[in-house]
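Okay, structure first, notes after.
First the proteins, then the strands, lettered A, B, ... as listed; each starts at 1.
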Amino acid sequence: MTEVRVRFAPSPTGYLHIGGARTALYNWLWARQTSGKLILRIEDTDRERSTQASVQAIVDSMTWLGMDWDEGPGKDAGTGPYFQTERLAIYQTYVDKLIAAGAAYRCYCTKEDLDRARTEHKARTGSEQGFRYPGTCRQRTDAPAGKHVIRLKAPATGSTHWHDLIKGRIEIGNDTLQDSVLMRSDGIPLYNLGAAVDDISMGITLVARGDDHVINTPQQILIYQALGVALPQFAHMPMILAPTGEKLSKRHAAVSVMDYRDQGFLPDGVLNYLARLGWSHGDQEIFTRTELVEKFDWEHCGDTSARYDLKKFQHVQASHLRMLSAAELAKQVVPFLDKRGLTVAADDPRLLTAAPLVQPRATTFIDAADALDYFFREPPVMDEKAKTKFLTADRLAQLGVLASVVEGVSPFSREPLEAAVKSWLERDHLELKDVAQPARVALTGRSASPGLFEVMEVLGRATTLARLRLQA
RNA sequence: GGCCCCGUCGUCUAGCGGUUAGGACAUCGGCCUCUCACGUCGGUAACACGGGUUCAAGUCCCGUCGGGGUCACCA
């Protein structure tokens, strides 16, 4: 069996968004499951729009998500370079082969020639749509010096088909093809040439990409055939749509991978959500990274486009947050605490004790940091509404009593604290719910928090007493 | 408009000729309870429509409608 070689080939024209991340993910999962190779290739032939910052954003996003590549920027394994603009000589040799094979030709038509033909087409049909290059240079056999592009000599009859791993058999009539430009006059390849040549020269065995590329596949197959090389497998995955059903774009909130990092999402949560958006494994919803690698398959990739749903995303994310150990959560939440001006060590015992408390109450690290805030801020930020509602004059005296009740409890931990408070309540014919809210507000500054005794335990005796007495 | 892809609860999906059409998110209600969560129990909710094929169709075929993609010296 030959080694699986898949690739992720983004164009560096912006940040990595979740659609691209999913394409990368499926390729990465397949490479890891099969012990194959993932090649990261930067398709930067659009010099107008490609930027170094975008390359960095892609690399950073992939790295943050933990999707490592075996060959690509920073990892040359002999099939590089991995930036298309550094592979120009390679494209030229392939173009020569294509011309020699009669599958491509030089076209000397100018921009003006084409504009004229396009205008005529529009006048005749009433639309710019459906315009096709008239084939002016198709038959010329000379090769004069001068500005020219390279065009594909597309067959006019027959059809091109392939078996798509996701969509099944796809057949497209060659009469719908046109002699599209393969290489610009400046020697820079266009998408179809660059992709096909690189996939060939990099030994790609499976091309998995978004299904907006279905229409490009026949032209690439034609190139493979003209060159006499074996076809790779193809898998075209449906696109991710906005909640409204339209194409997901930068206009939609939070589609950049880096945004999720900044919002305190877990890479594994992002991967899980993205994996399930278009792929399934029976009824299972939550997958660890390892499970994803083990269970992913092309067979269960759906062929319907999926809508992005933040609510579900958050649920998956929260599930992963809860899977973290206290030490892991502590370590990862520290930078987010720092952003709030709270300097806490990852191994601070209070943090370690508090972590499991906030875990079921948070979706992201930002949430967790917020839920942890009052444990480390002195005095805690007081919610005025909560204060007005619960710290009423008739309740304040109870706070003082509560303070004296817990003062001597030892050890100062949840069970003994609860026992002491419960026996006091029983003695004075009070109910916990009568004193809990005022105490909670005094201790945390908020009307919602983890259990009172857990909070006291984390705060410790001195802080607990101080905060209760400050209000009493 | 041509070509290509697609159509199961609001959303993500299971289903691969015979199911009370299952799960998850969301939503609604109950339980738990010191608040908020978590958890848990239960409810509402789907096979786009019309023809076929078949003893039997969400599953196969055709059409209609609907959605998306694509028609560049972008990728």
- Item | Whole-Å gap separating P (B:U11) and CD (A:Glu246) | 15 Å
- When only distance counts, do a donor and an acceptor, one from the side chain of A:Asp211 and one from the base of B:G69, lie under 3.5 Å apart? no
- Message: Please classify the nucleic acid contact of A:Gln129 as base, sugar-phosphate, or nothing, using heavy-atom distances under 4.0 Å.
- Response: base
- Query: Taking the side chain of A:Ile215 as its heavy atoms from C-beta onward, which of B:U70, B:G23, B:C25 lies nearest to it?
  - Reply: B:U70
- Task: Examine B:G68: is either OP1 or OP2 under 4.0 Å from a nitrogen or oxygen in the side chain of A:Ser305? Give yes or no.
- Result: no
- Query: Counting any heavy atom closer than 4.0 Å, what does A:Asp434 reach on the DNA or RNA strands: base, sugar-phosphate only, or nothing?
  - Reply: nothing
- Task: Find the distance A:His236:NE2 to B:C4:P and express it as a whole number of Å.
- Result: 15 Å
- At under 4.0 Å between heavy atoms, what does A:Ser447 touch on the DNA or RNA strands: base, sugar-phosphate, or nothing? base
- Carboxylate-amine/guanidinium contact A:Asp199 A:Arg7, below 4.0 Å: yes
- Looking across every strand, which nucleic acid part, if any, lies under 4.0 Å from A:Leu452 by heavy atom: base, sugar-phosphate, or nothing? base
- Is A:Leu432 touching bases, backbone alone, or none of the nucleic acid, heavy atoms closer than 4.0 Å? base
- Salt-bridged, A:Lys153 to A:Asp179, with N to O below 4.0 Å? no
- Message: Measuring only between side-chain heavy atoms, which start at C-beta, is A:Asp367 closer than 4.5 Å to A:Arg361?
- Response: no
- Message: Does A:Ser280 reach a base, just sugar-phosphate, or nothing at all? Heavy atoms under 4.0 Å.
- Response: sugar-phosphate
- Message: Suppose you measure atom P in B:G1 against the same atom in B:U44; what distance do you get, rounded to whole Å?
- Response: 42 Å
- Verify the contact: side-chain N or O of A:Arg184 to OP1 or OP2 of B:A75, cut-off strictly under 4.0 Å; return yes or no. yes
- Of the candidate nucleotides B:A14, B:C3, B:U35, which contains the atom at the shortest distance from the side chain of A:Arg440? B:U35
- Note on the structure: Ranking A:His315 and A:Arg49 by the position along RNA chain B of their nearest nucleotide, the one closer to 5' is A:His315
- Under 4.0 Å between any heavy atoms, over every strand shown, what does A:Pro450 touch: base, sugar-phosphate, or nothing? Just pick one. base
- Query: Do A:Asp268 and A:Arg289 sit within salt-bridge range, that is, some charged N less than 4.0 Å from a carboxylate O?
  - Reply: yes
- Message: Is there a side-chain contact between A:Thr304 and the phosphate of B:C5, meaning an N or O under 4.0 Å from OP1 or OP2?
- Response: no
- Note on the structure: Scanning all shown strands, the Watson-Crick or wobble mate of B:C55 with both distances under 3.5 Å is B:G18
- Tell me what A:Gly126 touches on the nucleic acid: a base, only sugar-phosphate, or nothing, going by heavy atoms under 4.0 Å. nothing
- Message: Cation-pi check for A:Phe8 against A:Arg41: NZ or CZ below 6.0 Å from the six-membered ring centre and within 45 degrees of the axis, yes or no?
- Response: no
- Residue A:Val214, side-chain atoms from C-beta onward, closest of B:C38, B:C5, B:C4: B:C4
- Does A:Asn192 make a side-chain donor-acceptor contact with the base of B:A75, cut-off 3.5 Å? no
- Query: Between B:C73, B:C6, B:A26, which nucleotide has the shortest distance from any of its atoms to the side chain of A:Asp303?
  - Reply: B:C6
- Answer with base, sugar-phosphate or nothing: what part of the nucleic acid does A:Met183 contact at a heavy-atom distance below 4.0 Å? nothing
- Side-chain N,O (A:Arg322) to OP1/OP2 (B:A37) below 4.0 Å: no
- Comparing A:Asp186 with A:Phe453, nearest RNA chain B nucleotide closer to 5' gives the residue A:Phe453
- Cation-aromatic face contact A:Arg22/A:Tyr26, 6.0 Å, 45 degrees: yes
- Task: With heavy atoms under 4.0 Å as the rule, sort A:Ser180 into base, sugar-phosphate or nothing.
- Result: nothing
- Query: Is any N or O donor-acceptor pair between the side chain of A:Arg361 and the base of B:C36 shorter than 3.5 Å?
  - Reply: yes
- What nucleotide among B:C73, B:A75, B:A24 has an atom nearest to a side-chain atom of A:Lys312? B:A24
- Message: Rounding to an integer number of Å, can you tell me how far A:Leu193 CG sits from B:A72 P?
- Response: 17 Å
- Query: Taking side chain as C-beta onward, heavy atoms only, is A:Leu40 less than 4.5 Å from A:Tyr82?
  - Reply: no
